[in-house]
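In what follows, a structure is listed as C-alpha cells, so that the remarks can point back to it.
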Amino acid sequence: MRRFIALLLCVFATMALAEARVRRYKWDVKYEFKSPDCYKKLVITINGKSPGPSILAQQGDTVVVEVTNGLVTENLAIHWHGIRQIGSPWSDGTEGVTQCPILPGDTFTYRFVVDRPGTYLYHAHYGMQRVAGLYGSIRVSPPDGVAEPFAYDYDRSIILNDWYHKSTYEQAVGLSSNPFVWVGEPESLLIQGKGKFNCSKLSSPTLDPAACNATSPECSPYVLTVIPGKTYRLRISSLTSLSALSFQIEGHNMTIVEADGHYVEPIEVQNLFIYSGETYSILFKTDQEPSRNYWITTNIVGRDATTKTPPGLAVLNYYPNHPKRAPPTNAPAGPIWNDTAPRRAQSLAIKARQGYIHTPPPKSDRVIVFLNTQNKIDGYVRWSVNNVSFTLPHTPYLVALKDNLHHVFDQRPPPDLLHDFKNYDIYSVANNKNATSSNAIYRLKFNTTVDIILQNANTMTVNNSETHPWHLHGHDFWVLGYGTGKFDPDNDPKKYNLANPIMKNTVPVHPYGWTALRFVADNPGAWLFHCHIDSHFYMGMGVVFEEGVDRVGKLPPEIMGCGETKGFKKP
Ligand SMILES: *[C@@H]1O[C@H](CO)[C@@H](O)[C@H](O)[C@H]1NC(C)=O
Ligand SMILES: *[C@@H]1O[C@H](CO)[C@@H](O)[C@H](O)[C@H]1NC(C)=O
Ligand SMILES: *[C@@H]1O[C@H](CO)[C@@H](O)[C@H](O)[C@H]1NC(C)=O
Ligand SMILES: *[C@@H]1O[C@H](CO)[C@@H](O)[C@H](O)[C@H]1NC(C)=O
Ligand SMILES: *[C@@H]1O[C@H](CO)[C@@H](O)[C@H](O)[C@H]1NC(C)=O
Ligand SMILES: *[C@@H]1O[C@H](CO)[C@@H](O)[C@H](O)[C@H]1NC(C)=O
Ligand SMILES: *[C@@H]1O[C@H](CO)[C@@H](O)[C@H](O)[C@H]1NC(C)=O
Ligand SMILES: *[C@@H]1O[C@H](CO)[C@@H](O)[C@H](O)[C@H]1NC(C)=O
Ligand SMILES: [Cu+2]
C-alpha cells in the first residue's frame, strides 16, 4: 500500500513537472585549444564543448541558463535564435540592443519560455564572437499527447558551420581597416563540430607539429549511426558565418517537414539548400543497401569556393557496419555554385503544412523597402540598408527606450523607402558609393502589421550580387513572396501568397532579387533584424525595430552596467 501511494505521488509529481517544467543549465564559457578540422586554434567552448550542450525542452517550459563568462579578456552575450522572448525581451542576448555585455568573470542568467515546438539555436551575439565556436541547438518537443503531423522512429540533430583559422579579432580588424581585408572563404566546413582541413596545405611548416594533426580524433568525421529499415527525423541547422550551403545524404532522398519551427507541406529533395540561421527537419528512410556506409556531405553555394573550401563530410553508418569504415564511393558532388535557379525553386516550394496554416492579416499598415547595398564611408567598405550603415550605440536600445535616454542614439527615423528607389539600378555598381552610418531605429506602432521588402542589388564589384539570409529577432514572419529583379510596388503585392505562406525567422534574399515578409508588431521590445552573415552584420547590414516599449515590464538590473544605463550590476 505504502509503495502504491509512493508510486501515485511519483506519478502526480511527474504530471505536475510536465505542465510547467524549469530546465536549468549552468554554463562555463571559456577559450580552449581545439582542433575541429585538425588545425589547432582557440575555440570558445561551453562546459568544454563546441558545439555546446543541446537544450532539450518541451513547449511551455522555462529555460534558465546561468552563464559564467570565463573568457578572461572578452565580453560575452548569447542569443536564443528563434525564441521570440515574449514577456522577456531582455533575455534575447543581443549585445547593444537588449543588454550590456556580460563582463569577464561575471555570471548572467537568461530566463525565457519556449512557447512553440521546433528546432532552434543559440549562439554568441557580441561582435563577431560566433565565429569562434560558441553555438548549439535547442530542441522543443510538443506537449504530452500532442502528435506531430509525421511519424519517425528516431530524432537526431546536426549543425552545419563554416570554419576559419583566423581569429575573430583578425577578421574584425581586417573588415574595419582601410585598406579593407576581406575574411575570404573558410578553411573548412564542419558537420556537428567536425571537419577536415588538409594539413599538407599549410604554406609554412609550423614549429609545433601538433598544430595540424590529420589523425587527431577531434577531426575524425561525425558519424550518424542508423538502424536499417527505419525512418529518421534529422534536424539540420546552419550557423555559418559566411557560407550558403547545400546538404546531401548519398543515395537517400529527404522530405522537408519543418522549417524554423513551422511544419512544411512535405517536399522531397535530393539536396537541401540552407542559409545561416535557418533550421530544417527532414525525414529520411534507411532503406538502402545495408552492408555499407554512406556519405553525408555539405558544399558551399553562391560563392566560388570550389578551389578554396573542401566539402564537409560526415558518415551515415548503417548498423552494424563499423562506424569508421569509409563509404566505398566518392561523396556526391555539390550543385553548381553559381546556379541560383534550384535555390530560388526551393525557397518558392516551401509552404505551410495543411492544417497548420497561420493565415496572415490580409493587409499591412506599413511597407518598408530595404535596399541592400555595399558602400564606402570615408573609404571604409560597409554594407547599407537604405543608404544607412548600422552601428550599435553604447547604451542598449531596450534600456535607452524604456528610460527615455533620447541622446544616446539618433532619434531621426531612417527611411522606409529611398527617395530615388524607382530610379535605382540594382544591376550596376552605384555611382554614388557614399552612405551614412547611423544608429537610428524604426519605431513601429504597436500591434500593427508591417511588410518588409528586402531588395537585393549589385555589390561594388561589377556583375555581382550576393545572397543575404535575414534574421528577425522577437518574431516569426510570413514569407509572402520572392521575385527576381526590381520589386514593383504596384504589381508584385498582387502576387503575394496569402493562402499558405510559411512562417520563418530567417529568410534569404537571392542575388538581384527581392523577398517580401509580413509580421505583426505585437511583441513589446527592441528587436534586431539583420543579415546573418557575421561579417555583413559587422559591416552595418542590419536595422532595429521598436514596438510597444511602454508595455515592457521593469528591466532586470543585470542587463545594465554599460553606456548610460542607470542601474548597476549586482555585486
Ligand atoms: C593535400 O594537399 C597537398 C598539398 O597541396 C596535396 O598534394 C594533396 O593531394 C592534398 N590531399 C588531399 C586529400 O586533398
Ligand atoms: C596526432 O594525433 C594522434 C592521435 O591522437 C597522436 O597519437 C599523435 O601523437 C599526434 N601527433 C602529434 C605530432 O601531436
Ligand atoms: C530520389 O528522387 C529522385 C527524383 O527526385 C528519384 O529519381 C530517385 O529515384 C529517388 N531516390 C530514392 C533513393 O528514392
Ligand atoms: C557559372 O560560372 C561559369 C564560369 O565560372 C559560367 O561559365 C557559367 O555560365 C555560370 N553559370 C551560371 C548559371 O551563371
Ligand atoms: C564621399 O565621402 C567622402 C569622404 O567623406 C567625400 O570626400 C566625398 O566628397 C563624398 N562623395 C560623394 C559623391 O558624396
Ligand atoms: C546616399 O547617401 C549619400 C550621402 O549621404 C547621398 O549623397 C546619396 O544621395 C544617397 N543615395 C541614395 C540612393 O539615396
Ligand atoms: C491587436 O490587434 C488585434 C486585431 O486588430 C486585436 O484583436 C487585438 O486585441 C490587439 N491586441 C492588443 C494587445 O492590442
Ligand atoms: C556584366 O554583365 C553584362 C550583361 O550580362 C555583360 O554584358 C558584361 O560584359 C558583364 N561585365 C563584366 C565586366 O563581366
Ligand atoms: Cu549579408
Side-chain angles (χ1 to χ4, degrees), residues 32-43 45 48-50 163 165 182 184-185 187-188 190 193-223 242-246 269-271 273 275 299-311 313 315 322-326 333-349 372-374 424-431 433 455-468 482-486 508-514:
E32 287 181 67
F33 284 107
K34 292 269 180 194
S35 312
D37 69 349
C38 305
Y39 179 84
K40 188 166 77 177
K41 64 167 282 190
L42 284 173
V43 174
T45 61
K49 289 166 65 180
S50 170
W163 195 247
H165 293 172
W182 173 234
E185 299 304 321
E187 269 78 22
S188 58
L190 308 186
K194 283 160 163 279
K196 201 154 206 85
F197 173 74
N198 179 354
C199 291
S200 317
K201 279 206 168 140
L202 287 179
S203 44
S204 60
T206 55
L207 290 175
D208 177 3
C212 196
N213 186 346
T215 58
S216 160
E218 283 184 61
C219 59
S220 64
Y222 174 75
V223 175
L242 174 68
S243 317
L245 299 174
S246 72
V269 295
Q270 281 177 296
N271 181 83
F273 294 104
Y275 306 91
N299 285 270
I300 292 177
V301 291
R303 307 181 62 89
D304 189 2
T306 36
T307 59
K308 295 160 198 149
T309 314
L313 293 174
V315 173
H322 196 281
K324 291 248 163 87
R325 203 167 119 199
I336 300 163
W337 71 270
N338 59 350
D339 187 3
T340 56
R343 284 183 267 145
R344 290 175 197 273
Q346 180 185 305
S347 293
L348 285 165
N372 293 208
T373 58
Q374 205 176 35
Y424 193 91
D425 179 6
I426 63 158
Y427 295 100
S428 63
V429 175
N431 283 332
K433 289 177 180 169
Q455 174 68 62
N456 214 335
N458 207 98
T459 62
M460 289 194 301
T461 306
V462 177
N463 288 356
N464 177 251
S465 182
E466 297 183 5
T467 307
H468 305 282
Y482 297 87
T484 46
K486 187 93 167 280
V509 59
H510 294 290
Y512 299 114
W514 55 265

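First listed ligand is number 1; within each ligand, the first listed atom is number 1. Any value given below was found using the heavy atoms of this structure, including those in side chains, with hydrogens, waters and symmetry copies removed.
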> Can you tell me if Q346 uses its side chain to pair, donor with acceptor, with the backbone of F273 under 3.5 Å?
Replying inline: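 Yes, because the side chain of Q346 sits within donor-acceptor range (under 3.5 Å) of the backbone of F273.
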> Short question: side chain of E466, backbone of A457 - any donor-acceptor pair under 3.5 Å?
Replying inline: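 No, E466 side chain to A457 backbone: no donor-acceptor pair under 3.5 Å.
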> Which atoms from ligand 4 have a heavy atom of N338 less than 4.0 Å away?
Replying inline: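 Once the distances to N338 are compared, the set is 1 (C), 2 (O), 3 (C), 8 (C), 10 (C), 11 (N), 12 (C), 13 (C), 14 (O).
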> Among protein heavy atoms, which sits nearest to atom 6 (C) of ligand 2, and what does the distance come to when rounded to 0.1 Å?
Replying inline: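 Result for atom 6 (C) of ligand 2: N213 ND2, 4.2 Å.
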>> I need the nearest protein heavy-atom contact for atom 5 (O) of ligand 2: residue, atom name and distance, please.
In response: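 Looking at atom 5 (O) of ligand 2, the protein heavy atom closest to it is P217 CD, 3.4 Å.
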> Which is it for T215 and ligand 2 at heavy atoms under 4.0 Å: side chain, backbone, both or neither?
Replying inline: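 T215 to ligand 2: contacts from backbone and side chain alike.
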> Does K194 count as lying over the ring of Y222, i.e. NZ or CZ under 6.0 Å from the six-ring centre, within 45 degrees of the axis?
Replying inline: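 The answer is no, since K194 fails at least one limit relative to Y222.
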> side-chain contact (heavy atoms from CB on, under 4.5 Å) between H510 and Y482: does it pass, once the steps are laid out?
Replying inline: CA-CA 8 Å; H510 294 290; Y482 297 87; 4.1 Å; yes
Is the shortest distance from [atom] to a protein heavy atom below 4.0 Å?
| atom | answer |
| --- | --- |
| atom 14 (O) of ligand 4 | yes |
| atom 1 (C) of ligand 8 | yes |
| atom 11 (N) of ligand 4 | yes |

>> Between C199 and C212, is the disulfide bond (SG atoms under 2.5 Å apart) condition met? List the steps.
In response: CA-CA 6 Å; C199 291; C212 196; 2.1 Å; yes
> Considering only heavy atoms of N463, which atoms of ligand 8 have at least one such atom less than 4.0 Å away?
Replying inline: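 Those qualifying, in numeric order: 1 (C), 2 (O), 3 (C), 8 (C), 10 (C), 11 (N), 12 (C), 14 (O).
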>> Which residue in the set N458, N464, T340 passes side-chain hydrogen bond (donor to acceptor under 3.5 Å, both in side chains) when paired with Y512?
In response: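 Result: among N458, N464, T340, N458 is the only option passing the side-chain hydrogen bond (donor to acceptor under 3.5 Å, both in side chains) with Y512.
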